[in-house]
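The structure under discussion appears below in the form of structure tokens.
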Amino acid sequence: MTAVFKKIGWPRLIIGIFLLALFLACPLVGVNYQFAITDVIGRFGMNLVLILSLVPMIQSGCGLNFGVPLGIVSGAFGTVCSIELQVTGYLGILTAIAIGCLFAAVVGLLYGYILNRIKGDEMIISTYIGMAFVALMSFGWIKFLPFKNPILLYGFGGDGMKPQIPLDKNWAGVLDNFLHFKIGRIIDVPVGMLLFGGLCCFLMWVFFRSKLGTAMTAVGSNPEYAQASGVNINKIRIISVVMSTVIAALGIIVYYQHYTFVQLYVAPLNLTLPTVAAVLIGGAALRKASITNVLIGTFLFQGIITVGPMVAGEAFGDIAEALRMVISNGMVLYALTRKEQR
């Protein structure tokens, strides 16, 4: 039994028990547990692909991708372009994916070349690059990008684009509604979004069993051995960075279709630490991450920051948002300071 607990990891076991206790406390404090379950399922599905995007860079030894805002902004750019083109439904989200992922591939290529020049300091530089790219694109949202659709722009002669733009008339919920069903009268199961996230996880699992995926893992775990075996380390690292950036763009589009809004300007920075913390909570290390780490981390992290404030808000008053910040930042702090597992 101790061996099983050790394999799961005591921190994840404790967090899991705490999450279960929160669910059990829901009816005691007046929280409808069905609403809580619906929110956890939704948050799990909408964040899964975004958190999955960290795996390639971790596996290649590029570290935790604090430059994930590059992919997020690229996905936002694709989303805004689809709104500008006034395409809706499945064609709308496919347009956003195509444009966003293409933009992310170009950005990721440049990002990868930069990280190859500063090996050993990737996380510091990627943080700066992510913040700088968000700031640069903010100038674009304000003035320089030639969007004309009135849905995107401030009215009454204002300059620039709105910080939050609704997708309800475009393709909000298109994945959620595919094969969607309810359990009882309240619990929503967004089957399409969960299937899409599961497909992305499966494809990632297959990739890391391919020749290229094995080489990527070798570069991350033992670069000297990989180089001696004839692997081009710089090339593999760039591929991993491009993959991570493209998948992040795809992940944020999945996020937006569930959230039903696209968020511009500094909003991408708010997703960086929670995304990194989730994969670490799931058991990933600085050079090793798996699909299991992503699944466990996404569920535990999103579950705690969703149900915890609900229960505390009913029990102690209107402190839900403040408590969410405390819980979220506390889990981020634990994730970033725990000892790396080899």
Side-chain angles (χ1 to χ4, degrees), residues 45-82 92-116 122 125-126 129-130 132-134 136-137 171 175 193 196-210 212-213 215-217 219-220 234-258 262-263 267-269 271-272 275-276 278-279 284 289-291 294 298:
M46 71 191 286
N47 285 278
L48 179 59
V49 179
L50 188 59
I51 295 168
L52 182 70
S53 72
L54 301 180
V55 174
M57 279 186 62
I58 293 174
Q59 286 291 94
S60 70
C62 290
L64 303 170
N65 185 15
F66 286 98
V68 72
L70 276 72
I72 295 174
V73 172
S74 299
F77 178 75
T79 301
V80 169
C81 287
S82 75
I93 195 171
L94 287 174
T95 301
I97 289 171
I99 296 173
C101 289
L102 179 61
F103 187 59
V106 175
V107 171
L109 189 63
L110 297 173
Y111 180 32
Y113 277 116
I114 294 172
L115 292 186
N116 270 347
E122 290 93 344
I125 300 302
S126 65
I129 291 174
F133 189 67
V134 168
L136 178 65
M137 286 299 292
W171 40 266
L175 293 178
M193 181 172 65
F196 186 83
L199 176 63
C200 291
C201 289
F202 174 74
L203 292 176
M204 182 74 76
W205 180 84
V206 171
F207 170 77
F208 277 106
R209 278 152 182 77
S210 68
L212 179 58
M216 192 175 290
T217 300
V219 168
N234 286 341
K235 180 180 178 181
I236 293 296
R237 282 167 56 96
I238 288 175
I239 291 173
S240 75
V241 174
V242 172
M243 283 182 62
S244 183
T245 309
V246 169
I247 297 170
L250 178 61
I252 199 62
I253 291 171
V254 175
Y255 183 105
Y256 288 151
Q257 70 83 38
H258 181 82
V262 55
Q263 296 178 304
L269 297 178
L271 294 171
T272 304
T275 301
V276 172
V279 74
S290 68
I291 309 302
V294 171
T298 304

- request: Answer whether the closest heavy-atom distance between the side chains of I72 and Y255 falls below 4.5 Å.
  value: no
- request: Taking the side chain as every heavy atom from C-beta outward, state whether V254 and M193 have any atom pair closer than 4.5 Å.
  value: yes
query: Tell me, do F208 and V55 make a side-chain contact under 4.5 Å, heavy atoms counted?
result: yes
- prompt: Can you find a pair of side-chain heavy atoms, one from M216 and one from P56, that are under 4.5 Å apart?
  reply: yes
message: Is there a side-chain contact between L250 and C101 in this structure, where contact means two heavy atoms from C-beta onward sitting under 4.5 Å apart?
response: yes
- prompt: Are any of the side-chain heavy atoms of V294 and M204 separated by less than 4.5 Å?
  reply: no
message: Per the side chain to side chain donor-acceptor pair (under 3.5 Å) rule, what does the pair list look like for residues 197-206, sequence neighbours excluded?
response: none
- prompt: Hey, does L48 have a side-chain heavy atom less than 4.5 Å from the side chain of L52?
  reply: no
- prompt: Quick one: side chain to side chain donor-acceptor pair (under 3.5 Å) pairs with a partner in residues 98-113, sequence neighbours left out?
  reply: N65-Y111
message: Could you go through C200 and I247, starting from their C-alpha distance and side-chain angles, then the distance that decides it, and tell me whether this counts as side chain to side chain contact (heavy atoms under 4.5 Å, CB included)?
response: CA-CA 9 Å; C200 291; I247 297 170; over 6 Å; no
- prompt: Taking side chain as C-beta onward, heavy atoms only, is L115 less than 4.5 Å from I238?
  reply: no
message: Taking G75's backbone N and O only, do any of them form a donor-acceptor pair with T79's side chain (distance below 3.5 Å, no angle check)?
response: yes
Derivation and outcome, side chain to side chain contact (heavy atoms under 4.5 Å, CB included), residues V134 and V73: CA-CA 7 Å; V134 168; V73 172; 4.0 Å; yes
